[in-house]
Amino acid sequence: MPEPVFDLEAVIKRRGFLWRSFDIYGGAAGFYDYGPLGTAMKNNIVRVWRRYFVQREGFAEIETPNIMPEEVFRASGHLDKFNDVMLECSKCHEVFRAEHVINEGYLEITEEINVGSLALEDIGDLITAKGVQCPMCKGEFRPPYEFNLMFSTTIGRNKTGYLQPETAQGIFLNFQSLYSYFRGKMPFGVAQIGKGFRNEVSPRQGVIRLREFNMAEAEVFINPEERHYKGFDKVKDTNFTLLDQHGALHYLTADEAVAEGVIRHQALAYFMALTQGFLIEIGIDEERLRFRQHEKDEMAHYARDCWDAEVLIEINKKESWIECVGIANRSCYDLEQHMKTTGADLRAFERFEEPIEQEVERLKPDLRLLGRTYRNDAPKVREYLGSLSPPFPGRITMELNGGTVEIPKEFYTIEKRVEKVSGRRYIPAVIEPSFGIDRILYAILQHSFHVGKAREGVDSESYTILKLKPEIAPFKAAVFPLFNRAGMSELAKRVYDSLVETEMQVTLDDSGSIGKRYARQDEVGTPYCITVDHQSLEDKTVTIRDRDSTEQVRIRAEKVPEIIHLLVSGGIEFEELRNPESGGSD
RNA sequence: GCGGCUGUGAUCUAGCCUGGUAGGAUCGGAGCUUCCCAAGCUUCUUGCCCGGGUUCGAGUCCCGGCAGCCGCACCA
């Protein structure tokens, strides 16, 4: 007996969901193509995502380049964090980060060495000079090598650029324009759907670890002082399965989780709730979904706190929890970094309800005296004095030309005056829900895949159904003429054409037995099949079949687009069609 | 990146040890059957991962590459 061919991977490839990229050239690890059905399904997922994370939240969606200049990633910290110098033992082939080997006691040095600032050769020399050996087996190290997780490229003639490892930076860089787009109203959110690129060492889990992947991210800018998040009340009763950073499992509502400090910010809990609702709506099995908090040493360099939505799927014959969404509190990190590097003002303004009158002290230098005394150094002294902020010390000293000088009291006066302060500036904190679209799509396929027993007389042993949610399914409906006989084909084509005029994706199939055609559609998750039969020719009715119950109801042919649309959008349930008043039979 | 195993039509596989250019099943196309849940019959399309070597001759043996799986490492 042959092995059952109806295994999910086979369906994914044969029916056109996902294909290995560059296949005729032997393929390349970490790259996948979306086939026609996969593309349709991905578009459907993205459509629902937009509804959740753009429309309903009132967020804005933007698009920024995939390639960015080096400076961006130097500021964002990705350059340091993604470029590790690695050392491999020539004997046991154990690999270490040079930074660890050099700074963690293997070397007889007192001060920390900033490994990131050393050239490759210098690190090699250092290793050789100090005779550092492999901590595991005392073997000799091979020469160090650079390990880049970002793809580098060249912009123009000789400017280094990188392919973005996340879409977030494009949003941060536009903070000023976005802030004014939202007319200075906080909080606000900005979404971007795009590609991320990471040059993984050995991506070996199919579509789970890609070198070029699809992501949908939202950056939500909030006031870091604000502990509440608007709309939290709406989600406070959401039930979570939470695995905290100490490995403790909690079953809590959003409200409880925040109150007990398991989730440390309302905004995090809010987007976790939104994420959970979204994932379940598009077909992730609730039982195979949980949130796991990152451990301290696991967190990205920019994150202060992070919860991953994880789905349980089978990879390489093993069940594992896979991160498919990360919901991070990035704090002020990114804006602060870009502000420091560029000098651009990436702050928001918080207007006080009432302007505050406060007494401020100001240091007012006597410029004439400064000039006469310090001559050419006077501007330096003036600048230094201007940089001081209250409270001012009794004696003011500064470094000048290698020595320390005291600025005599008569060189300045301290003025007190009342100022009206109408608000304050602050760097917003960022809450970021970040979705791995490819992983989500694959998890949905696994969670939707059902294998049943084939009927008597059928050659294959199993019958497979992809129980996709209608709004996610690549085809919403398929149209079949029962026979290719006078009238039926034409009517089927007319019904099909009427469906094509809607936004819905549909297919027409007149090849093979009727059972085979139902099976084809079940295999790719088409929720509804329309069949034109003998009776159709007499009274212009057709049957509509529900994928999961295989039940059939007869409806008028001209109502097909409307009814399919209602079924797909959740406007009516299939069962309701049995009631003639809903527009069903006769 | 290291070590082990593997690589046959769209899919699953037989053949490889004991060299003589490939067989099955599924899928797909066309037709018959006038078929409402992968029935049956006829017929057709598509294949030895790539390159080199050994040999009269290589899917089969050898070497290199690429890819996949397992283990180690890596996965912000």
Side-chain angles (χ1 to χ4, degrees), chain A residues 1-16 19-31 35 76-84 86-97 136 142 145 147 149-150 165-166 198-206 208-211 294 297-303 306 315-318 322-323 326 328 452 454-465 480-486 488 511-523 529-535 542-543 545-547 549-552 554:
Chain A
M1 248 349 234
E3 290 289 303
V5 296
F6 293 113
D7 117 275
L8 177 62
E9 299 301 325
V11 172
I12 284 175
K13 185 165 187 187
R14 184 163 42 78
R15 297 303 305 271
W19 297 320
R20 271 180 13 150
S21 297
F22 326 122
D23 207 30
I24 65 170
Y25 279 96
F31 296 97
S76 73
H78 287 87
L79 210 53
D80 283 347
K81 300 294 168 179
F82 275 65
N83 283 353
D84 285 334
M86 307 300 282
L87 286 167
E88 186 183 324
C89 172
S90 56
K91 210 164 107 195
C92 66
H93 300 298
E94 199 77 21
V95 175
F96 302 88
R97 286 171 59 180
M136 304 298 282
R142 293 180 174 178
Y145 60 93
F147 176 74
L149 219 50
M150 282 196 295
E166 54 171 3
R198 296 176 195 184
N199 200 2
E200 302 280 357
V201 186
S202 59
R204 231 192 267 164
Q205 295 158 40
I208 296 305
R209 233 170 113 195
L210 294 174
R211 289 182 164 132
H294 277 203
D297 56 359
E298 180 187 2
M299 218 103 66
H301 62 277
Y302 49 71
C306 184
I315 313 169
N316 303 336
K317 308 243 183 286
K318 271 193 307 241
I322 294 295
E323 166 197 355
R455 289 157 43 87
E456 289 291 318
V458 177
D459 263 5
S460 57
E461 290 180 63
S462 54
Y463 188 97
T464 66
I465 308 181
F480 312 144
L482 188 55
F483 311 112
N484 283 318
R485 186 211 239 179
M488 284 189 198
S511 155
S513 73
I514 190 72
K516 197 171 199 164
R517 284 179 263 169
Y518 285 135
R520 277 185 195 130
Q521 296 308 320
D522 287 345
E523 188 180 59
C529 293
I530 313 293
T531 302
V532 173
D533 61 6
H534 308 88
Q535 196 181 327
V542 296
T543 62
R545 165 198 183 262
D546 176 58
R547 179 192 64 208
S549 64
T550 75
E551 208 181 316
Q552 277 183 313
R554 189 166 284 278

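Here is how names work: the chains are called A, B, and so on, in the same order as the sequence lines, proteins then strands, and each is numbered from 1.
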Show each protein N/O and nucleotides 66-69 of chain B N/O combination with a separation under 3.5 Å, one pair to a line.
{"from": "B:A67", "atom 1": "O4'", "to": "A:Gly26", "atom 2": "O", "distance (Å)": "3.2"}
{"from": "B:A67", "atom 1": "O2'", "to": "A:Arg20", "atom 2": "NH1", "distance (Å)": "2.3"}
{"from": "B:C69", "atom 1": "OP1", "to": "A:Arg204", "atom 2": "O", "distance (Å)": "2.8"}
{"from": "B:C69", "atom 1": "OP2", "to": "A:Arg204", "atom 2": "O", "distance (Å)": "3.3"}

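As judged by a 4.0 angstrom heavy-atom cut-off over every strand, A:Ser511 is placed among residues touching the sugar-phosphate backbone only.
Put simply, the side chain of A:Glu200 and the base of B:C75 share no donor and acceptor less than 3.5 Å apart.
Across all strands shown, B:G40 is found opposite B:C32 as a Watson-Crick or G-U wobble partner, with both distances under 3.5 Å. Applying the Watson-Crick and G-U wobble criteria (two distances, each under 3.5 Å), B:G57 pairs with nothing in any strand. Of all nucleotides present, none satisfies the Watson-Crick or G-U wobble test against B:A76 with each distance under 3.5 Å. If you check B:A25 for Watson-Crick or wobble pairing at under 3.5 angstrom, you find it paired to B:U11. In this structure, B:C17 forms no base pair with any nucleotide, since neither Watson-Crick nor G-U wobble geometry is met with both distances under 3.5 Å.
A salt bridge is defined here as a Lys NZ or Arg NE, NH1 or NH2 lying under 4.0 Å from an Asp or Glu carboxylate O, and A:Glu200 with A:Arg209 meets this definition. Electrostatic pairing of A:Asp7 and A:Lys13 does not count as a salt bridge here, judged by no charged N lying under 4.0 Å from a carboxylate O. At a threshold of 4.0 Å, the pair A:Glu523-A:Arg14 counts as salt-bridged, since one of the basic side-chain nitrogens sits closer than that to a carboxylate oxygen.
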Open item on the list: Set out, in order, the CA-CA distance, both residues' side-chain angles and the distance that settles side-chain contact (heavy atoms from CB on, under 4.5 Å) for A:Phe480 and A:Ile514, then state yes or no.
Closed with: CA-CA 8 Å; A:Phe480 312 144; A:Ile514 190 72; 3.7 Å; yes
- [ ] Would you sort out whether A:Met150 and A:Leu79 count as a side-chain contact (heavy atoms from CB on, under 4.5 Å), showing the intermediate values?
- [x] CA-CA 8 Å; A:Met150 282 196 295; A:Leu79 210 53; 3.7 Å; yes
TODO: Tell me, with the steps shown, if A:Thr531 and A:Tyr518 meet side chain to side chain donor-acceptor pair (under 3.5 Å).
DONE: CA-CA 10 Å; A:Thr531 302; A:Tyr518 285 135; 2.9 Å; yes
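Out of B:G29, B:A39, B:C36, the shortest distance to the side chain of A:Ser513 is found at B:A39. Of the listed nucleotides (B:C35, B:A38, B:C36), B:A38 has the atom at the smallest distance from the side chain of A:Glu523. Taking every side-chain heavy atom of A:Arg14 into account, B:A10 is the closest of B:A10, B:C74, B:C36. Nearest nucleotide to the A:Phe483 side chain, out of B:G29, B:A38, B:C36: B:C36. Nearest nucleotide to the side chain of A:Arg209, out of B:C74, B:A39, B:A76: B:C74. The side chain of A:Ala10 lies closest to B:U11 when the candidates are B:C36, B:A38, B:U11.
Aromatic ring pairs are classed by plane angle as parallel below 30°, tilted from 30° to 60° and perpendicular above 60°; the pair A:Tyr302 and A:His78 is tilted.
Between A:Gly512 and A:Glu323, it is A:Gly512 whose nearest contact on RNA chain B lies nearer the 5' terminus.
One C1' atom belongs to B:A25, the other to B:G15, and the distance between them is 16 Å to the nearest Å.
Rounded to whole angstrom, the span from the CZ atom of A:Arg545 across to the C1' atom of B:C36 amounts to 9 Å.
One finds a side-chain N or O of A:Lys13 lying less than 4.0 angstrom from the OP1 or OP2 phosphate oxygen of B:U11.
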